[in-house]
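I have placed the structure first, in the form of structure tokens, so that the comments after it can refer back to it.
As the structure lists them, so they are numbered: ligands from 1, and atoms in each ligand from 1. Just so you know, residue 1 is the first one in the sequence shown, and it goes up from there.
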Amino acid sequence: MRLFAVCLQFLGLANISTFSQSIDSYVATEGIIAKSGVLANIGSNGAKSQGALPGVVVASPSTTDPDYVFTWTRDSSLVFKMLVDQFATGIDPSLRGLIDEFVSAEATLQQTSNPSGSISTGGLGEPKYNVDLTAFTGPWGRPQRGEEDLILKKIVFFLLICPPKKDGPALRATALITYSNWLISNSNTTFVSSTLWPMIKLDLDYVSLNWNLTTFDLWEEIDSSSFFTSAVQHRALREGITLASTLGQSSSISSYATQADNILCFMQSFWHPAGSSSFMTGNTGGGRSGIDVNAALASIHTFDADAGCDAITFQPCSDKALLNLLTYVESFRDVFGLNSGLANNAALATGRYPEDVYMGGNPWYIATFAVAEQLYDALQVWSNEASLTVTSLSLPFFALFNSSVTPGIYASSSTTFTTLTTAIKSYADSYIALAAKYTPESGGLAEQYDRNNGTPLSAVDLTWSYASALTAFEARNGSNSQFASWGAKGLSVPATCVTEAGGDGQTVQVTFNVDAETVLGENIFLTGSADALSVWSTNDALLMSSANYPTWSITVGLPINTIVQYKYIRINDGSATWESDPNNQITIPASGILALTDTWR
Ligand SMILES: *[C@@H]1O[C@H](CO)[C@@H](O)[C@H](O)[C@H]1NC(C)=O
Ligand SMILES: *[C@@H]1O[C@H](CO)[C@@H](O)[C@H](O)[C@H]1NC(C)=O
Ligand SMILES: *[C@@H]1O[C@H](CO)[C@@H](O)[C@H](O)[C@H]1NC(C)=O
Ligand SMILES: *[C@@H]1O[C@H](CO)[C@@H](O)[C@H](O)[C@H]1NC(C)=O
């Protein structure tokens with residue numbers, strides 16, 4: 001949009017009100033385009049939905065280079081969280097039918113066995129599906145050769161392409177909980193109890209059991225721990241606890257509460273102190289700096305205005321989140337040609353992480369909008385609280401806007417408060433102006449824009465790009481202040497973190513006994529969610545002893561203070577039969593020994 005190219009030249013020079021008026025007009029125009037862009041990519045009526053079934057979000061209509069005609073649980077859930085919020089706050093009362101279609105589509109996907117497993121063996125962690133709601137089996141599309149080759153391919157494929165992405169179930173739970181809360185306050189608890197809660201429970205049980213295993217990050221590149229994943233898991237469990245208690249589902253509450261505390265504890269470990277360049281590590285692996293928009297996205301997607309500027313939940317106005325944002329944007333100053341020669345308080349084009357090479361490694365629209373959104377969220381809280389606190393940690397951030405500011409609490413009546421908030425609003429707007437500058441005349445938002453000349457690149461009409469524009473605009477006009485709290489307020493970090501690995505790798509000896517009649521050649525094996533139980537592997541399941549036939553037994557050391565799920569498997573001549581659902585579950589205590597007596601189901 002040329003208007004904005006002109007406006008940008010005046011940034012810092014032209015008067016602020018002209019600048020903000022042109023932002024207003026971009027927001028008004030692009031808001032409408034972005035909303036229809038989102039709806040166009042949702043089946044079955046969306047104009048660009050590529051034959052997707054009802055309620056299915058297509059990531060982008062781009063069919064080649066890259067082919068994004070798939071539905072990712074992460075993207076779909078973020079998009080529908082935005083739509084449910086619009087519905088629940090009355091911004092768009094027409095969305096209910098579409099939301100109900102999303103619910104049905106996700107109910108089907110939860111039950112769809114896929115390369116990550118079945119519903120009880122890790123299938124919920126599968127990142128993407130075909131838009132006709134079948135499992136994505138990518139490499140299987142190639143001509144198949146011999147049986148052995150197929151098995152080998154299956155293993156390699158599983159390891160390389162289909163490791164679980166544990167943010168999907170958490171984000172889906174959050175979208176469904178938001179809808180549930182609206183239904184309950186509109187006297188439709190029946191639908192929540194009968195349809196939504198069972199889906200939410202599957203996702204939250206998955207989170208509760210798996211959060212402390214490594215995960216592929218939201219970019220599906222690094223298998224390590226990911227701050228975004230932990231933060232959205234934490235949020236989902238907290239709001240799940242509140243919903244469970246409203247619905248009288250008390251049996252779930254204590255394990256969710258225990259694991260939410262454990263995740264909150266773990267989240268603190270991502271902080272990377274480095275003086276004025278400190279940041280929240282996005283991913284712990286991959287041989288990168290760890291600076292990543294992952295953390296800013298975590299902050300805006302777990303924003304809770306009631307929690308003020310709380311740092312332990314990384315609220316947008318917390319000192320840690322502000323310093324992280326500064327470190328993050330600065331990391332692109334020398335990376336993208338677009339940023340060369342820009343002033344220290346001018347908006348910088350930002351991407352996923354400075355080391356990115358995907359499609360040439362460019363700025364992303366979602367990343368640029370995220371910077372603005374975090375700052376608008378922060379401004380909202382400072383305005384609510386009628387004061388703003390500068391700490392020694394956040395000082396480098398605030399110094400961009402007043403170089404002589406010192407740590408302290410500034411009431412809204414002070415000059416410093418006015419100077420800072422006015423400048424920060426303008427700084428946030430300049431990120432919208434930057435996105436505007438690189439938005440083509442049509443208003444279409446692709447995935448990326450070129451690092452040197454700003455031309456839109458990679459997948460066109462990316463649903464998530466549109467959704468990120470809309471949530472940034474909602475934060476700018478304050479309509480997101482009506483979104484309900486998820487319970488971030490008043491939390492404290494437990495004194496010690498309890499983990500899958502137990503205190504110090506301590507374990508309790510658990511003897512599994514199961515009564516099972518077998519035929520000649522048939523054996524009973526054990527597998528389950530813990531490493532010591534081979535993480536749901538059929539091939540590496542543990543052979544049990546038949547010394548006391550028909551009771552089969554085995555003793556395994558399992559990590560203390562954890563919840564473990566398991567099943568018995570019958571294997572006869574290489575062919576495996578699993579026990580029927582649901583999984584068996586035990587809580588491993590802090591000490592002692594445990595003996596279980598089960599009967600084959
Ligand atoms: C409750 O909500 C569901 C989902 O929109 C709807 O199908 C159902 O008719 C509603 N029930 C009542 C009593 O309004
Ligand atoms: C599990 O939790 C512990 C302690 O919080 C942490 O040190 C470890 O890195 C976590 N592992 C994963 C994969 O999340
Ligand atoms: C900058 O901050 C200092 C310290 O709080 C304050 O005295 C001064 O008035 C501020 N400058 C402006 C322009 O607000
Ligand atoms: C705020 O922005 C959103 C997103 O563009 C829009 O849908 C909504 O109508 C706006 N609300 C107001 C009160 O301007």
Study note, to complete from the structure: Numbered in order shown, the ligand 4 atoms found under 4.0 Å of a heavy atom of E474 are 3 (C), 4 (C)

Contact table, ligand 1 N/O with protein N/O, distance under 3.5 Å:
{"unit_1": "ligand 1", "atom_1": "2 (O)", "unit_2": "R96", "atom_2": "NH2", "d": "2.8"}
{"unit_1": "ligand 1", "atom_1": "2 (O)", "unit_2": "N188", "atom_2": "ND2", "d": "2.3"}
{"unit_1": "ligand 1", "atom_1": "5 (O)", "unit_2": "R96", "atom_2": "NE", "d": "3.0"}
{"unit_1": "ligand 1", "atom_1": "5 (O)", "unit_2": "R96", "atom_2": "NH2", "d": "3.0"}
{"unit_1": "ligand 1", "atom_1": "5 (O)", "unit_2": "D100", "atom_2": "OD1", "d": "3.2"}
{"unit_1": "ligand 1", "atom_1": "5 (O)", "unit_2": "D100", "atom_2": "OD2", "d": "2.7"}
{"unit_1": "ligand 1", "atom_1": "5 (O)", "unit_2": "Y179", "atom_2": "OH", "d": "3.2"}
{"unit_1": "ligand 1", "atom_1": "11 (N)", "unit_2": "N188", "atom_2": "ND2", "d": "2.8"}

Check your understanding: Does the N or O separation between N402 and ligand 3 drop below 3.5 Å for any pair?
Key -> yes

Exercise for review: Please name the residue in the list R74, R172, R235 that meets the salt bridge (charged side-chain N to carboxylate O under 4.0 Å, His left out) test with D167.
Suggested key: R74

Check your understanding: Taking only residues two or more places apart in sequence or in another chain, which ones pass ring pair (Phe, Tyr, Trp, His ring centres under 6.0 Å) with Y179?
Key -> none

Review point. Among all residues two or more places apart in sequence or in another chain, which pass the side chain to side chain donor-acceptor pair (under 3.5 Å) test with T189?
Key: none

Review point. CG of D306 to CD of Q315: how many Å apart, nearest 0.5 Å?
Key: 9.5 Å

**Study point:** Qualifying residues under ring pair (Phe, Tyr, Trp, His ring centres under 6.0 Å), relative to F80, sequence neighbours excluded
**Key:** F102

**Study point:** I91: numbered ligand 4 atoms lying under 4.0 Å from its heavy atoms
**Key:** 7 (O)

Point to revise | F279, Y328, F314 screened by ring-ring contact (aromatic ring centres under 6.0 Å, His included) with F227, the one that passes | key: F314

Point to revise | Under 4.0 Å to a heavy atom of Y410 - the qualifying atoms of ligand 3, by number | key: 5 (O)

Review point. At a 4.0 Å threshold, what atoms of ligand 4 neighbour a non-hydrogen atom of S479?
Key: 1 (C)

Check your understanding: CG of L196 to OG of S180: how many Å apart, nearest 0.5 Å?
Key -> 4.0 Å

Check your understanding: Considering the options F483, F87, F191, which one meets the ring-ring contact (aromatic ring centres under 6.0 Å, His included) requirement together with W182?
Key -> F87

